[in-house]
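Each residue takes its place number in the sequence, starting with 1.
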Amino acid sequence: MEIKQRLTELKQELEPFGCKLVAVSKTKPNEFIQEAYDCDQKDFGENKVQELASKYESLPKDISWHMIGHLQRNKIKYIAPFVHLIHGVDSERLLVAINKEAKKNERVINCLLQIHIATESTKFGFSQSELNEFLNSDRLAELQNIHITGLMGMATNTSDLEQVKAEFNSLKGLSEEIKENYNFSNLDLQELSMGMSGDYKIALQAGSTMIRIGSTIFGARSYPTQ
Ligand SMILES: *Cc1c(COP(=O)(O)O)cnc(C)c1O
């Protein structure tokens, strides 16, 4: 009941922005996901491969599963057959490995490039110069089993809202710049995945198209996860 109410409120808030909601269900039981699903929520995010694969097995097959966590190359194979969108692609090596698994499964996998926008060095992501170097080469053209549909970024965990805003705006700016300067058949930057429970209102103002919300919908997690 609570889940339903929180979902409804969030969706109302997102509607004027045309922003999509990814319900982050990590650590939460299948019953919670089923409850959200019954309220017409079809996009769910998980950050652990094993948990994602086992939830996929036991829940309705028309759920779109988003991998939002740090992904190790040797684990791609477990989600490659079904994953809807991989948000945290933070290196060319990972992109190459995803392409290989996608090919084996005879499909194209949608990916978001994670960009390092925070000041914290613990967060993952391409730096702007790494990204430019990659896109200036022609190497992306060889990866025909991936489709880069946007960028993803996590802001610094700080109470300084101006800083968070500046970081989200920088991601938006980078996206515009890439769209203008690069032309690849498998690069089509439509999505900006930014904003979580603590900062999604700022992300919406900065042009987010996809927010990833966990605790606001499902309640606080009982143990911390990355
Ligand atoms: C856990 C997680 C979220 C959701 O966090 P909440 O604060 O619970 O909304 C969003 N994005 C990523 C990458 C996460 O790991």
Basic-acidic side-chain contact under 4.0 Å: Lys20, Glu191:
no
Could you check whether Lys42 pairs with Asp40 (Lys NZ or Arg NE/NH1/NH2 to Asp/Glu carboxylate O, under 4.0 Å)?
yes
Apply side chain to side chain contact (heavy atoms under 4.5 Å, CB included) to residues Phe17 and Thr209 and explain how you reach the verdict.
CA-CA 8 Å; Phe17 295 92; Thr209 68; over 6 Å; no
Heavy-atom distance under 4.5 Å between the side chains of [X] and [Y], does that happen here?
{"X": "Leu10", "Y": "Leu21", "value": "yes"}
{"X": "Lys172", "Y": "Leu192", "value": "yes"}
{"X": "Ile178", "Y": "Leu187", "value": "yes"}
{"X": "Asp188", "Y": "Thr149", "value": "no"}
{"X": "Leu71", "Y": "Val89", "value": "no"}
{"X": "Ile148", "Y": "Leu189", "value": "yes"}
{"X": "Ile79", "Y": "Tyr56", "value": "no"}
{"X": "Tyr78", "Y": "Val83", "value": "no"}

Would you say the side-chain atoms of [X] and [Y] include a donor-acceptor pair closer than 3.5 Å?
{"X": "Ser58", "Y": "Asn30", "value": "yes"}
{"X": "Arg221", "Y": "Ser215", "value": "no"}
{"X": "Gln34", "Y": "Asp38", "value": "yes"}
{"X": "Thr156", "Y": "Thr158", "value": "no"}
{"X": "Gln41", "Y": "Lys11", "value": "yes"}

Find out if a path of hydrophobic residues (ILVMFWY) with successive side-chain heavy-atom gaps under 4.5 Å connects Leu143 to Tyr182.
yes
Of all the heavy-atom pairs spanning [X] and [Y], show the shortest one and how long it is.
{"X": "Lys26", "Y": "Glu46", "answer": "CA-OE1, 3.2 Å"}
{"X": "His87", "Y": "Arg212", "answer": "ND1-CD, 3.8 Å"}
{"X": "Ile63", "Y": "Tyr37", "answer": "CG1-CD1, 3.7 Å"}
{"X": "Glu167", "Y": "Thr119", "answer": "OE2-N, 3.7 Å"}
{"X": "Glu133", "Y": "Arg139", "answer": "OE1-NH2, 3.1 Å"}
{"X": "Phe218", "Y": "Ala23", "answer": "CE1-CB, 4.0 Å"}

Rounded at 0.5 Å granularity, tell me how far [atom1] in [X] sits from [atom2] in [Y].
{"X": "Met152", "Y": "Ser208", "atom1": "CE", "atom2": "OG", "value": "11.0 Å"}
{"X": "Met196", "Y": "Asn157", "atom1": "CE", "atom2": "CG", "value": "7.5 Å"}
{"X": "Asn99", "Y": "Lys104", "atom1": "CG", "atom2": "NZ", "value": "11.5 Å"}
{"X": "Ser127", "Y": "Glu130", "atom1": "OG", "atom2": "CD", "value": "3.5 Å"}
{"X": "Asn181", "Y": "Leu135", "atom1": "CG", "atom2": "CG", "value": "10.0 Å"}

Partner set under ring-ring contact (aromatic ring centres under 6.0 Å, His included) for His116, not counting sequence neighbours:
none
Applying ring-ring contact (aromatic ring centres under 6.0 Å, His included), can you list everything that pairs with Phe124, at least two apart in sequence or on another chain?
His70
Give the C-alpha distance, both sets of side-chain angles, the deciding distance and a yes or no for side chain to side chain contact (heavy atoms under 4.5 Å, CB included) between Lys55 and Phe44.
CA-CA 10 Å; Lys55 285 174 171 171; Phe44 292 90; over 6 Å; no
Looking at Asn74, I'd like to know if its CG atom is crowded, meaning that more than 12 non-hydrogen atoms belonging to other residues, nucleotides or ligands lie closer than 6.0 Å.
yes
Would the number of heavy atoms belonging to other residues, nucleotides or ligands and lying under 6.0 Å from CD of Gln50 be above 12?
no
Could you please spell out the steps behind the side chain to side chain donor-acceptor pair (under 3.5 Å) verdict for Asp43 and His66?
CA-CA 7 Å; Asp43 290 86; His66 297 243; 2.7 Å; yes
Go through the steps for Cys39 and Ile3 under the test side chain to side chain contact (heavy atoms under 4.5 Å, CB included), then give the verdict.
CA-CA 9 Å; Cys39 307; Ile3 289 176; 5.6 Å; no
Between the side chain of Asp160 and the main-chain N/O of Gln163, is any donor-acceptor distance below 3.5 Å?
yes
Step by step, would you call Gln144 with Asn186 a side chain to side chain contact (heavy atoms under 4.5 Å, CB included)?
CA-CA 7 Å; Gln144 284 300 321; Asn186 54 350; 4.1 Å; yes
